[in-house]
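Throughout, numbering of the chain's residues begins at 1 and tracks the sequence.
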Amino acid sequence: MNVLVALAIAPYGTGEELSAEVAEVIRVIRASGLKNRTNSMFTEIEGEWDDVMRVVKDATFVLAGKGIRTEVVLKADLRPGYTDMMTTKTARVEKILEGGQ
């Protein structure tokens, strides 16, 4: 079943600037081949449940595997029969905002 997740993975208690560690996590997500996009707070990943959860695990263990305490925030949207939710959900809202129905 297709799933869209919003995911934040970050080291916990390792200092103020975390960009290098976050970049390591995002590198794993992007290398997965799954549809994804990153913004300032989350990375969205879309694909089949097992594939997405494998990437979540792999990305988490990039830091945890180094002995770094790792915080994971995950929100999942499972909508049977739907794909390409990453773009179609926002496109529907944009259409309404532009005055369309």
Side-chain angles (χ1 to χ4, degrees):
M1 179 176 299
N2 191 65
V3 63
L4 174 62
V5 301
L7 175 69
I9 300 172
Y12 188 78
T14 61
E16 292 183 33
E17 183 52 55
L18 308 175
S19 298
E21 290 87 355
V22 171
E24 289 183 63
V25 169
I26 293 170
R27 189 172 288 117
V28 170
I29 293 167
R30 290 184 178 172
S32 73
L34 294 178
K35 188 173 182 178
N36 67 85
R37 68 178 171 200
T38 300
N39 62 42
S40 61
M41 293 187 64
F42 288 93
T43 295
E44 294 176 314
I45 309 168
E46 185 170 359
E48 289 297 312
W49 175 269
D50 289 340
D51 296 334
V52 170
M53 291 304 125
R54 177 186 40 78
V55 172
V56 169
K57 179 181 177 182
D58 292 348
T60 299
F61 278 84
V62 164
L63 302 180
K66 294 179 179 182
I68 299 171
R69 185 176 182 183
T70 305
E71 181 179 75
V72 178
V73 176
L74 183 137
K75 181 177 181 180
D77 182 2
L78 285 89
R79 193 169 181 196
Y82 284 78
T83 58
D84 196 29
M85 293 186 296
M86 188 181 301
T87 55
T88 57
K89 288 173 74 168
T90 54
R92 284 192 295 274
V93 172
E94 289 297 331
K95 184 176 178 181
I96 292 167
L97 290 171
E98 293 170 1
Q101 296 293 333

Residue pair [X] / [Y]: nearest heavy atoms and the distance that separates them:
{"X": "Trp49", "Y": "Leu78", "answer": "CZ3-CD1, 3.6 Å"}
{"X": "Ala76", "Y": "Val5", "answer": "CB-CG1, 3.9 Å"}
{"X": "Thr83", "Y": "Asn2", "answer": "CA-ND2, 3.6 Å"}
{"X": "Pro11", "Y": "Ile68", "answer": "CB-CG2, 3.5 Å"}
{"X": "Met85", "Y": "Glu46", "answer": "N-OE2, 2.8 Å"}

With [X], which residues qualify under salt bridge (charged side-chain N to carboxylate O under 4.0 Å, His left out), at least two apart?
{"X": "Asp84", "answer": "Lys35"}
{"X": "Arg27", "answer": "none"}
{"X": "Lys57", "answer": "none"}
{"X": "Glu48", "answer": "none"}

What residues form a side-chain hydrogen bond (donor to acceptor under 3.5 Å, both in side chains) with [X], not counting sequence neighbours?
{"X": "Asn36", "answer": "none"}
{"X": "Thr43", "answer": "Thr38"}
{"X": "Arg30", "answer": "none"}
{"X": "Thr90", "answer": "none"}

Under the side-chain contact (heavy atoms from CB on, under 4.5 Å) test, which residues partner [X], sequence neighbours left out?
{"X": "Met41", "value": "Asn39"}
{"X": "Ala91", "value": "none"}
{"X": "Val62", "value": "Glu24, Val28"}

Nearest-0.5 Å distance, [atom1] of residue [X] to [atom2] of residue [Y]:
{"X": "Lys89", "Y": "Asp77", "atom1": "NZ", "atom2": "CG", "result": "3.5 Å"}
{"X": "Leu34", "Y": "Met86", "atom1": "CG", "atom2": "CE", "result": "9.0 Å"}
{"X": "Leu74", "Y": "Phe42", "atom1": "CG", "atom2": "CZ", "result": "9.0 Å"}
{"X": "Asp58", "Y": "Ser32", "atom1": "CG", "atom2": "OG", "result": "9.0 Å"}

Check your understanding: Quick one: hydrophobic cluster around Val93, which other residues, with the 4.5 Å side-chain cut-off, linked directly or via members?
Key -> Leu97
**Study point:** ILVMFWY cluster, Met1 and Met53 together (side-chain gap under 4.5 Å)
**Key:** yes
Review point. Given the rule that I, L, V, M, F, W and Y join up when any side-chain heavy atoms are under 4.5 Å apart, are Ile45 and Leu4 in one cluster?
Key: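 Result: no, two separate clusters.
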Practice item. Test Leu7 against every option in Val56, Ile26, Val52, Val73 by the side-chain contact (heavy atoms from CB on, under 4.5 Å) rule and name the one that passes. Key: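 The passing option is Val56.
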Review point. Can you name the one residue among Val72, Val25, Val55 that meets side-chain contact (heavy atoms from CB on, under 4.5 Å) with Thr60?
Key: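 Between Thr60 and the candidates, side-chain contact (heavy atoms from CB on, under 4.5 Å) is satisfied uniquely by Val72.
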Review point. Does the side chain of Ile9 reach to within under 4.5 Å of the side chain of Glu21, using non-hydrogen atoms?
Key: no
